[in-house]
Every structure is written in C-alpha cells, then in structure tokens.
**Student:** 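What follows is a structure written as structure tokens; I'll ask about it next.
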2 protein chains.
Amino acid sequence: MGRRDISEIRRAEYAAAAYRALMRYGNQATSLARVAEEAGASKANVLHYFKNKEALLAAALRHANAELLREAVLLLGEAQTPLERIYAVIETNLSPTSFRPQVAHAWIALCAGVPYVPAYQRIQTVIYARMRSNLMGPLRHLLPAAEAALMSDLMTTAIDGIWLRCGLSLNGVTQQEARAQLEAVLDARLPESAERRAARARMHEVARILIKARNG
Amino acid sequence: MGRRDISEIRRAEYAAAAYRALMRYGNQATSLARVAEEAGASKANVLHYFKNKEALLAAALRHANAELLREAVLLLGEAQTPLERIYAVIETNLSPTSFRPQVAHAWIALCAGVPYVPAYQRIQTVIYARMRSNLMGPLRHLLPAAEAALMSDLMTTAIDGIWLRCGLSLNGVTQQEARAQLEAVLDARLPESAERRAARARMHEVARILIKARNG
DNA sequence: AAGTTAATAAACCAATCGGTCAATCTATAA
DNA sequence: TTATAGATTGACCGATTGGTTTATTAACTT
C-alpha cells in the first residue's frame, strides 16, 4: 500500500462522507466539521486532501454522479433498440439507487448552488450533456430532428420535476406515479405500439434483474 | 398612521427585502445583516418584527407567492372555458413576472430547505394544493378522473422542471422552449383541436395585455 | 403636559463557519 | 538505523452567523 494509494483512498472516503452528510443534513448543515465527523477523521485532514469546501462538495457530487452513471451504463448496455435505450434512461432514473428523497436532497442542494458555485455549474453541465446524448441518440431514429430535440428536452424536464418532487416528498411521489407520468410524456410523440410495449417490458425486466443482482 | 399600521408596513417591507436578497445573493448568502441593509434598516429592527430568520424567509416566500397568485387570479378571471383555464395556468407560469432565473433561484432555495424547515414545507404544500386545484378543475371537464389526475400531476411536474432549468439557466430555457414543452404535454391527452387553438390564442393575448398594462 | 408604549438601532454575545499552522506520528527509502 | 516525506491532528484564527440586550427616540393616550 504505497503512499500514493492512500491519497486516492482518502479522497474517495471523504467525498463519500460529504455525500452522506449532504443527503442527511442538507446543504446548509453540511459543514467541514460534520463531514470530518462522518468520515471519522479530523477536519484538518479533510482539508489536506481537498483545497477547500467547494472542492470537497464538488467531489461528493461527482462521486454520486458516478454511481448513477454506472447504473446507466449497465442498462444502456442491455438496450438493443432505440425504444429500449429510451426506456433504459427512464429505468435508470427510477431505480431505487437514485429515486430516493435523500438522493434528491443532495441534487437539489447542487441545483441551489449552481448559480453561485462555478464547480457545481460544471458538474450540472456534464450531467445534462450526457442526458441529452443518451436521449437524442435513440430519439433521432424515431422522430424528425426538431421533434427529437423537443422530446429530449421534455423528458429531461419531466425527470427533473419528478426528482424535485421526490426530494420534497410531501405527498411522496410513488415510483409508479413517476413512471405513469413519463409514459404520458412518451405518448405525446411516440404513441403506444407493440414495439414500445416490448421495449418497456424488457427494460423493466432488465432493471429488475440488475437491481436484484446488486442487492443480492 | 397608527402604530398597528407600522407593524404591517415594516413586515411587508422586510419580507420584500428578504425576497430581493434571496433572488440576488442566493439562500447561502442571505443573512439577516444583508436583508437589513437591503431594507435600509437595522438588523435588530428586522428581528423586532420577525421572531427569527426562518420566519422572515417564510414571509418572504409567501410575499413572492402572493405576487404570483395575483397574476394567476387575473388570468383565471378571464378564462371562460376549461381549456382556457388550463392555458391560464400555463401563461401564469410563463409570465415574465415569474419566469426569470432570479425568481427561480428563490424558489429552488425554498425547495432545498423544505425537508429541514417546517415553515417552508407548509408553504410548499399550499402552493401545490392550489396548483392541483387550478388544474384539476378544468381537467375534470375534459378527461376521465384518473386521466385528469395524471395530466394535472404531469403538468405540475413539467412546470417544476422548467422552473428548475430556468433557475440554473445554463443553456437558458427560452420562454418559447418552455411553451413548446408544455404544449407537448397537452398533446399527450388533449390532442390539438380548434377549441385548443382558440383557447391558447385567447389566453396568450390576455396575458400579453395584462403584462403590458402592468408595465405601462 | 405627562406618561406610557412602541419603534429603532448600536453594541454586544456565544457559536460556528471555513481555513491555516505548527507539531506530531508513521512508514518507507537509504 | 537513520533520514525523510507524507499522513494526521489539535490548537488556533479572523470573519460571520443568528440572536439579545440596552438605551434612545418618537408617537399616541389621557
């Protein structure tokens, strides 16, 4: 175990601790002291590996995003048709890994900081670019360019709105309600068909299997 | 000018100042000192009228919500058909009063605090209840109950997502893009028709007139 | 005019914030 | 074994936070 390894290990540890704190206590209450406590380390050592709080929280959000990305890659890897790729995106965003109030809290905190913290802005830009790429790819095969762009934007918007509501969790958006809403979005330009039914069923099944495998 | 009046005047002044601070500097940077400076008063006097910061910011958000509500009432008052009432909601949320990054910032700050600040939660609950009422009313006339509820939820979700994007304003959601997305949402269950075209045109015109009157 | 009440603000407070520093400890390299 | 570089930390710092206290001013009541 070289000294170089420790650096990376600590950075990952502290980023994960910061993410946990962000989920549990919210942005306001996530101080360096609390993150250090969460990680079982000293505040000074956290700052030994991150030049400041902003860098730490940015790493925390990238850490969380990487988790989500891993799930997306798995699902997209199983998709074989454009419609299946669209449902892969939907299933990813509804998977229990991400569709949880606590996770949503962390992302809302990110959104709140975007206008004032350049590092957050960069993360958000990357996330949106990937979302757009994941959706535009399959949509281009199914719709004219303008309509594909519209549907990509609308699905992104709807997913954002669903996450927001999930984070507030006032009346607690059910996964089923969220799914129904996203299906309705699809209805606007990709009317129900045998292909769509098949794609939905298959990716739902793939998601179920992957989740079970991860938990088991 | 009785002493009772001054109390209400100051409360309104300070709430408005807090809302301005929330829009300009974000939640993080909105301190009592800054709000007092924004209001041209002393911090102590702000706390003389609000028992603490939480109450002040809650009043600020209610103040902002009241502004939005006034606009909604005006538009809904002109709507004469169910479809027009739906478009009244859409136009309200796209009006330049509310559809601005700064305004969205303030609301995102609210959302970020909802899980931790009970007062914010109450405000959010009221807002959602009114939105649902405004949408379910007309939708019930146009769709079966279950479909009406679905569309109400979906429109709320989409509006939330649009506001969120507006607040981030990375690629800057245009009012036109937002309108196109909401039209696509309607397409899912209320296909384009002569009635819908008429309702859209009329409420768009009503909104234009009201905005012009307010600015002029 | 006198007395009471509310409006206002300066000064102050303890707590906490993000961040620095100097000093230890530890483990590898020589 | 000793030297050295990195890991780790307690103590500390100035700034800022939300909130209180105390004193002064202004205004209504009688």
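In what follows, every chain begins at residue 1, and chains take the letters A, B, ... in the order their sequences are listed.
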**Student:** Side chains of A:Y116 and B:N27: is there a donor and an acceptor less than 3.5 Å apart?
**Tutor:** no
**Student:** For A:Y49, answer base if it contacts any base atom (sugar-phosphate contacts may also be present), sugar-phosphate if it contacts only those atoms, and nothing otherwise; contact means non-hydrogen atoms under 4.0 Å.
**Tutor:**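 The answer is sugar-phosphate, as A:Y49 gets under 4.0 Å only of primed atoms, P, OP1 or OP2.
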**Student:** Would you please test B:K43 and B:E37 for salt bridge (charged side-chain N to carboxylate O under 4.0 Å, His left out) and show each step?
**Tutor:** CA-CA 8 Å; B:K43 184 180 67 168; B:E37 188 195 2; over 6 Å; no
**Student:** Let's go through B:R10 and B:E13 carefully: what are the C-alpha distance in whole Å and the side-chain angles of both, what is the deciding distance for salt bridge (charged side-chain N to carboxylate O under 4.0 Å, His left out) to 0.1 Å, and is it a yes or a no?
**Tutor:** CA-CA 5 Å; B:R10 289 286 173 274; B:E13 266 182 26; 3.1 Å; yes
**Student:** Taking atom types as modelled and ignoring hydrogens, do the side chains of A:Y87 and A:E183 form a donor-acceptor contact shorter than 3.5 angstrom?
**Tutor:** yes
**Student:** Do B:R70 and B:E67 pass the salt bridge (charged side-chain N to carboxylate O under 4.0 Å, His left out) test, and can you show the C-alpha distance, the side-chain angles, and the key distance before you say yes or no?
**Tutor:** CA-CA 5 Å; B:R70 238 176 294 134; B:E67 222 174 86; 5.2 Å; no
**Student:** Output the residues of residues 54-64 of chain A in contact with DNA chain D, where contact means a heavy atom of the residue under 4.0 Å from an atom of the strand; sort by number or write none.
**Tutor:** none
**Student:** Just how far, in rounded Å, is C1' of D:dT24 from CG of B:N45?
**Tutor:** 13 Å
**Student:** Starting at CZ of A:R10 and ending at C1' of D:dT9, how long is that distance when rounded to a whole Å?
**Tutor:** 13 Å
**Student:** Rounded to the Å, how far apart are A:F50 CZ and C:dT20 P?
**Tutor:** 15 Å
**Student:** For nucleotides 10-18 of chain C, just jot down a letter per nucleotide in 5' to 3' order: B, S or -, based on protein non-hydrogen atoms under 4.0 Å.
**Tutor:** B------SB
**Student:** Just by modelled atom types, is the B:A148 backbone N or O under 3.5 Å from a matching donor or acceptor in the B:S152 side chain?
**Tutor:** no
**Student:** Would you tell me if any nitrogen or oxygen in the side chain of A:H48 comes within less than 4.0 Å of OP1 or OP2 on D:dT8?
**Tutor:**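 So the side-chain polar atoms of A:H48 never come under 4.0 Å of the phosphate oxygens OP1 or OP2 of D:dT8.
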**Student:** Rounding to a whole Å, what distance do you find between A:E8:CD and D:dG6:P?
**Tutor:** 15 Å
**Student:** Report yes if some heavy atom in the side chain of A:I211 is under 4.5 Å from a heavy atom in the side chain of A:P96; otherwise report no.
**Tutor:**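 When only atoms from C-beta onward are counted, A:P96 and A:I211 do touch, with a gap below 4.5 Å.
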**Student:** Between A:R200 and A:E84, is the salt bridge (charged side-chain N to carboxylate O under 4.0 Å, His left out) condition met? List the steps.
**Tutor:** CA-CA 7 Å; A:R200 171 171 54 235; A:E84 284 183 359; over 6 Å; no
**Student:** Atom CZ of B:R11 and atom P of C:dA7: how far apart are they, to the nearest Å?
**Tutor:**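 Computing the B:R11:CZ to C:dA7:P distance gives 12 Å.
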